[in-house]
Amino acid sequence: MKSEGGVSASPRVSILDWEHRRGRGRVAFVLTYGMLGVGLPAALLVAALTLWLGDNPGPLGSVANALEVAFIVLLVAPLVGAIAANAWWERREARMHDASGGSADPVEAIETGPVVADGQQRVLAALGARLEELARTDPKRLTREILLMTVLGYGYVLAVVALLLVVMFALARVGGSFGGLARQAAWFVGGFTFFVASSLHVRVIAPTGRRVTRAGSPALFDALGTIERRLDAPAPDVVLLDAEMNAAVHEVPRLGIFGLPRRYLVIGLPLFEALPADECVAILAHELAHLSRRHVTRGAWAARLGVTWRALATSLEAQRHWGRPLFLPFFRWYAPRFELYAKAVSRGNEHESDAMSADCAGGAVAARGLLRVHVYQRFLAERVLPALYRSSLDRAAPPAHALEEMVAALHAGPAEDDLARWTRAQLAEPTLGSHSHPSIGERVGRLAGGGGIADSEGLVRELLAPRGASGAEALLGAGRLAKLRAQVGDEWQGALLPTWRRLHSDARVWRDAIREDGVETELAALWAHARWATECEPRAVALALVEEVLRRAPHHVEAKVTLGRLLSESSDGAERSQGVATLEAVMRRDTGLALIACAALEGYYLRIGWREEVDRVQTRARQLEDALLRGWGERHRLTANDHLTAYDLPPTSLASLRQACARRSEVRRAFLVRKRTRFLREQPCVMLAVECAVPWYRPSTGKEAGETALSLVQHVVLPEAADLLAAPVEPRSSLMRRLRGVRGALVYERAAGA
């Protein structure tokens, strides 16, 4: 293994790597599960004997009293032992963290080492290959297996809830001298039981968009009716238009877990503008096929289970809860396996819907429509949107005619060279077990009758052929189209606003810092220019700026990620090699940005067919995701015991924040600090602490103060990728005294009497 400078690097071990090589606290794990696994069943057995003997007089009654004491010991000891074991491991982590440095330069303090595919990744890769084979040969068995995995996921949570309920009621029945203590413990266990049970409720958010009715667009509903009869599909209850280059169906249960779904069909107006009417019908048939075969209903259960486990694990980690040992080890085993099952079933669903779409609209039409959607998505991302974003240089908000410019570009279509290059790239990508959809090449090959192999040159000629009337004109109605464009355009303008504000702020930073000779004197301004150019300028311009940033600051991790991504997508072999080497170096760093490097490397290795390298990258991505989960809590709270330093904002961004504070009359002081974290130390954790003036009968850290602090976050544009948290602060708290003692942290203070 070579380091970035070409010198052989010793396999030094970071905190993150150490935990994954040793297992997360193997001693703590054994102690916790040993005590819980032996103590709790023994306690339940003793409780049963106690209840049986409790009403008997004489010696048996004395035995019952003695068993009560044994019950308390057997029940409390495992729980206390589990908490103590985890507390010991927490202290060990803290000592390792302190011993690793905590120096002023976290980049130099981070240890790196070689990344190899671990045993779990090899098991997951084998499972993915088996599921892929099962999807081809026995899809019914695959469906049965994911049903069993779903039952296991819900069943584990329900089993733990049931166990906790039994413990709670058993404690409540304890009498004698230990009765008061047992009932207090019962309330303690009952609170955790309610917390776990409440995690099973997942709220499904209805999609948004402009509603379309039969009265306004009869041709669209006539086409939908024809497809519904052909595929035996239920009619969608609501049809919406949005500004995405996509189409989708959703189900939102009216009665929660009892079902009765409300079905939504969401159609992207750009999709209807880009595709001719026959291809739009094929896309609609694909979406309604999902409803016909109940893919959405089954997929929703799987998605809710994934959300349930993720929310439960995140909440437990955020609170550093004593109940973590009951769930997190199972979650780390179960989550990646269930994800592979869910994605394998999802890929099978896509193939089934593609086949039904081909039966309804024709295989050639369905193949051409599917490919055109994905090629035009690249067209929007690489040509149309950068041209639109370029006006953020002078505009503080997106132009009102933004959607009209997109529609005009879609009607004109991409250049022939771009279209051919994007088509070949889409058709060349293979399918991996980590993908929720089959590759476009595989899907198009099946639809076109090529046995899974698509003729790229023939498809390029078909995409370049003159198109007929667009789906928007034929199905939505030419007379109503202008009004729909205006309505969807207004909604899209609002959706673009956060990205636009970020780009405009970057533009202001670098333009205000330019000297008369056109040179940016500050590194923050140069990076703001490079970041803006990455999304708004041609690749060569952005590449030159990013390289200049790295020339001045060789350890700038975000710039390295950007450089590696730009170079790995180059057509030049030498540049691609340099980009991959850069991304490999970033992947080893303890920062969330390494996940971006992992995604870019996975895509690159996937395109060239290096499956072992994909497994290695996925191993590191899984480690980083675990570190993000474990560090979620420390990145979402601010205490007086945290190690804090002042965070420097560029002058333009600082002025914008101070103006926002001045406009909010309730803001007294604002502090901007960086918190040293235990996990992912190279990913800055920035805290905006706000002291608010509130009426005497309301808490200083209540809902209103929290909303004020959150509103100020919109005006903080950081010069780097970082986590930013807003937190209201009590005026006379120890945290306020700590913040006032951090030199340079105070960024705003309202003048007396103002």
Side-chain angles (χ1 to χ4, degrees), residues 377-396 398 402 406 409 418 421-422 425 496-514 518-520 522-572 575-576 578-583 585-587 589 591-604 650 652-653 682-684 717-722 724:
Q377 285 175 348
R378 294 280 298 269
F379 174 49
L380 289 177
E382 297 185 25
R383 294 290 183 268
V384 179
L385 289 179
L388 175 65
Y389 287 154
R390 212 165 290 141
S391 59
S392 64
L393 192 64
D394 303 306
R395 290 177 174 269
M406 180 197 290
D418 285 341
R421 177 166 54 87
W422 292 329
L496 279 180
L497 197 55
T499 301
W500 198 277
R501 281 177 172 168
R502 174 176 56 79
L503 292 173
H504 181 67
S505 177
D506 280 344
R508 286 185 57 194
V509 167
W510 65 263
R511 293 186 74 184
D512 292 348
I514 292 179
V519 176
E520 289 127 332
E522 300 177 6
L523 178 63
L526 180 60
W527 174 237
H529 192 181
R531 191 164 53 180
W532 181 88
T534 301
E535 298 188 53
C536 304
E537 294 284 10
R539 175 182 171 278
V541 176
L543 189 59
L545 289 168
V546 173
E547 288 174 340
E548 176 61 21
V549 170
L550 288 172
R551 188 185 66 79
R552 296 194 193 182
H555 295 298
H556 199 296
V557 180
E558 191 176 359
K560 285 186 176 182
V561 172
T562 305
L563 177 67
R565 185 171 52 82
L566 290 172
L567 292 177
S568 66
E569 297 171 355
S570 171
S571 58
D572 181 75
E575 288 191 348
R576 283 199 305 273
Q578 181 186 351
V580 169
T582 303
L583 292 172
V586 173
M587 184 179 68
R589 310 307 291 262
T591 169
L593 290 171
L595 278 171
I596 302 176
C598 288
L601 285 171
E602 182 181 356
Y604 173 77
T652 303
S653 300
E682 280 190 285
Q683 181 170 321
V717 180
L718 303 179
E720 59 185 337
L724 177 61

Nearest non-hydrogen partners of [X] and [Y], listed with the distance:
{"X": "Val509", "Y": "Ala524", "answer": "CG1-O, 4.3 Å"}
{"X": "Arg390", "Y": "Cys536", "answer": "NE-O, 2.6 Å"}
{"X": "Leu380", "Y": "Pro386", "answer": "O-CD, 3.9 Å"}
{"X": "Val586", "Y": "Ala594", "answer": "O-CB, 3.5 Å"}
{"X": "Pro398", "Y": "Leu497", "answer": "CD-CD1, 3.6 Å"}
{"X": "Ala553", "Y": "Leu523", "answer": "CB-CD2, 3.6 Å"}

Between atom [atom1] of [X] and atom [atom2] of [Y], what is the distance when rounded to the nearest 0.5 Å?
{"X": "Leu593", "Y": "Ile596", "atom1": "CG", "atom2": "CD1", "value": "5.0 Å"}
{"X": "Tyr389", "Y": "Thr534", "atom1": "OH", "atom2": "OG1", "value": "13.5 Å"}
{"X": "Lys560", "Y": "Thr591", "atom1": "NZ", "atom2": "OG1", "value": "12.0 Å"}
{"X": "Leu393", "Y": "Trp510", "atom1": "CG", "atom2": "CH2", "value": "5.0 Å"}
{"X": "Asp418", "Y": "Arg383", "atom1": "CG", "atom2": "CZ", "value": "4.0 Å"}
{"X": "Glu682", "Y": "His555", "atom1": "CD", "atom2": "NE2", "value": "10.0 Å"}

Mark yes or no for whether [X], through its side chain, and [Y], through its backbone, hold a donor-acceptor pair below 3.5 Å.
{"X": "Thr582", "Y": "Gln578", "result": "yes"}
{"X": "Ser505", "Y": "Arg502", "result": "no"}
{"X": "Trp532", "Y": "Ser392", "result": "no"}
{"X": "Gln683", "Y": "Gly592", "result": "yes"}
{"X": "Arg576", "Y": "Ser571", "result": "yes"}
{"X": "Arg539", "Y": "Leu566", "result": "yes"}

Could you check if a side-chain atom of [X] sits within less than 4.5 angstrom of a side-chain atom of [Y], using non-hydrogen atoms only?
{"X": "Leu388", "Y": "Leu496", "answer": "yes"}
{"X": "Arg511", "Y": "Asp394", "answer": "yes"}
{"X": "Leu543", "Y": "Leu567", "answer": "yes"}

Could you tell me whether Arg552 and Glu548 make a salt bridge, using a distance below 4.0 angstrom between a side-chain N and a carboxylate O? yes
Could you pull out all residues at least two apart from Glu382 that satisfy side chain to side chain donor-acceptor pair (under 3.5 Å)?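 Side chain to side chain donor-acceptor pair (under 3.5 Å) check on Glu382 returns Arg378, Trp422.
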